[in-house]
There are 2 protein chains.
Amino acid sequence: MSSSEFPDKAADLSSPAAIPPRERIVSSAADLFRKFGIRGIGVDAIAEAAQTNKMTLYRKFGSKDELLCATLRQVTQRAGAIWDELEREFSGDAAAQLKRWVDFQVERLEQEPGGCDLANAAVELRDSDHPAHAVVQEFKNSQRNRLAAVCEAAGSSNPELLADTLSLLLEGARVSVQTSGPEGSSRRFRESCEATIAALSSK
Amino acid sequence: MSSSEFPDKAADLSSPAAIPPRERIVSSAADLFRKFGIRGIGVDAIAEAAQTNKMTLYRKFGSKDELLCATLRQVTQRAGAIWDELEREFSGDAAAQLKRWVDFQVERLEQEPGGCDLANAAVELRDSDHPAHAVVQEFKNSQRNRLAAVCEAAGSSNPELLADTLSLLLEGARVSVQTSGPEGSSRRFRESCEATIAALSSK
DNA sequence: GATAAACGTTACCGACCGGTCACACCCATG
DNA sequence: CATGGGTGTGACCGGTCGGTAACGTTTATC
């Protein structure tokens with residue numbers, strides 16, 4: 001395999017201060033899983049990046065799979081914060097929230113060219129019995145439902161259809177970023193979203 | 001890692017008759033890569049499934065990476081055949097071709113819950129320098145352009161936008177199949193496609 | 001200062017993996 | 001029958017990986 005370069009000096013973030021080891025490990029693991037893939041990075045490298053060692057890693061998490069689930073749960077929490085921010089920014093104005101949601105996702109597409117960590121994990125772990133799969137499925141479901149609630153509040157003529165379409169568009173865009181680069185993908189995503197919202201917005 | 005079960009009695013297809021070893025290897029590799037992931041299956045298992053051995057595999061393909069590229073190229077050829085079939089079925093009637101295209105993809109979503117092999121490979125191999133990445137990118141580009149040509153011929157008011165939207169919807173659906181199961185995903189994909197086509201079809 | 005929990009260090013294990021080597025085999029062509 | 005190319009066999013190599021054991025060190029608490 002020619003695969004990726006050395007992990008080397010990667011992901012020394014989240015380490016120096018009095019942050020407990022468990023959180024450092026999760027943060028480093030999230031970073032390295034994102035960069036090299038779940039199967040592409042070893043627990044030794046994760047422990048080293050978290051400025052600790054393999055033993056404490058295995059005392060906090062019983063296995064690499066458990067660590068993976070913990071990192072995915074952390075990612076879901078971070079991603080879920082978007083909805084609170086939308087509500088804070090445009091309280092009551094669901095149509096504005098929907099527009100802002102698109103902007104948010106465009107920003108993420110351009111700034112995080114690695115796609116969705118959750119979806120990537122589901123793709124990498126083909127085995128649908130893997131515990132991480134449940135985390136992913138629950139997250140995707142909740143995201144769609146939250147989006148549907150906004151679509152409903154925004155007075156869409158068909159909020160369910162609008163939410164499903166936007167969800168699929170986002171999922172597709174976050175894959176396209178990895179297959180065709182972020183330049184075109186984010187623009188196409190934005191234009192598709194706007195056209196869809198325009199077509200399905202008036203009640 | 002708890003990951004997937006034994007490869008065991010997997011993928012004995014494409015072996016018995018006078019099919020040359022090279023083709024058997026590619027077919028078995030495609031099958032096993034699909035089931036267990038690229039990093040999830042070893043060359044020994046691939047050779048065994050192709051009813052041959054590792055040496056002949058390495059005489060035909062210099063490395064696992066080369067074998068991977070060969071299998072991806074085979075997948076692109078198979079997937080590219082869809083367009084010829086569309087043209088054969090509804091020669092000249094681009095609008096009918098577009099409807100049939102949706103049907104095709106819905107069938108694939110329901111029958112192949114593994115998503116797109118090309119996209120999956122791009123996700124699994126984070127390293128964008130990997131030779132397989134070029135194969136994937138070229139394929140995705142050509143698929144979108146072919147779809148855009150059909151949209152154009154179908155008299156869409158905005159064929160580029162329609163093709164981009166449908167492409168993103170498909171990409172998203174093929175990921176959703178892996179994260180949320182095929183039941184809902186194919187239905188949502190169909191409904192989103194039909195709504196999008198309706199909104200962007202009249203010239 | 002004793003105690004115990006948390007953390008660090010080193011070495012190790014068994015398994016697997018990509019890739020190579022040397023050699024035997026089969027079978028067609030001359 | 002000889003030859004040579006394509007194929008099968010098994011052993012082997014160096015490396016990595018997930019996970020564990022044993023032991024030493026820090027740190028806080030009473």
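This one's a predicted model, so the numbers in the text were calculated from it and none came from an experiment. All chains are named by letter (A, B, ...) in the order of the sequence lines, taking the proteins before the strands, and each is independently numbered beginning at 1.
Dashed line: the shortest gap from a side-chain N or O of B/T56 to OP1 or OP2 of D/dT7 is not under 4.0 Å.
The pair A/R174-A/E112 counts as a salt bridge, with a side-chain nitrogen and a carboxylate oxygen less than 4.0 angstrom apart. Ionic pairing of B/E191 and B/R187 is present here: one or more N-O contacts between side-chain nitrogen and carboxylate oxygen are shorter than 4.0 angstrom.
Taking atom CD on B/E48 and atom P on D/dG8, their separation rounds to 13 Å, with Å as the unit. The distance between atom CZ of B/F36 and atom C1' of C/dC17, rounded to the nearest whole Å, is 16 Å. Separating the CE atom of B/M55 from the P atom of C/dG19 is a distance of 12 Å, rounded to the nearest angstrom. Rounded to a whole Å, the CD1 atom of A/I19 is 14 Å from the P atom of C/dC7. Regarding A/N53, its CG atom lies at a distance of 14 Å from the C1' atom of D/dA21, rounded to whole Å. Whole-Å rounding puts the B/K60 NZ to C/dG18 P distance at 21 Å. Straight-line distance from the CZ atom of A/F61 to the C1' atom of D/dT20: 18 Å, rounded to whole Å. One atom, CG of A/L67, and another, P of D/dG19, lie 10 Å apart when rounded to the nearest Å.
Geometrically, A/R108 does not engage A/F104 in a cation-pi contact defined by less than 6.0 Å to the ring centre and at most 45° from the axis.
In the interface, the side chain of B/K54 is paired with the base of C/dG19 through a donor and an acceptor atom under 3.5 Å apart. The base of D/dG6 has none of its N or O atoms less than 3.5 Å from a complementary donor or acceptor on the side chain of B/R22.
Side-chain polar atoms of B/S192 and A/T165 form a donor-acceptor pair below 3.5 angstrom.
Residue B/Y58 places its side chain closer to C/dT20 than to any other of D/dG8, C/dC7, C/dT20. Of the candidate nucleotides C/dG18, C/dG8, D/dG6, C/dG8 has the atom nearest to the side chain of A/T52.
Of the residues near DNA chain C, B/R59 and B/G62, the one whose nearest nucleotide (by heavy atom distance) lies more toward the 5' end is B/G62.
Within 6.0 Å of the CD atom in B/E138, the count of heavy atoms belonging to other residues, nucleotides or ligands does not exceed 12.
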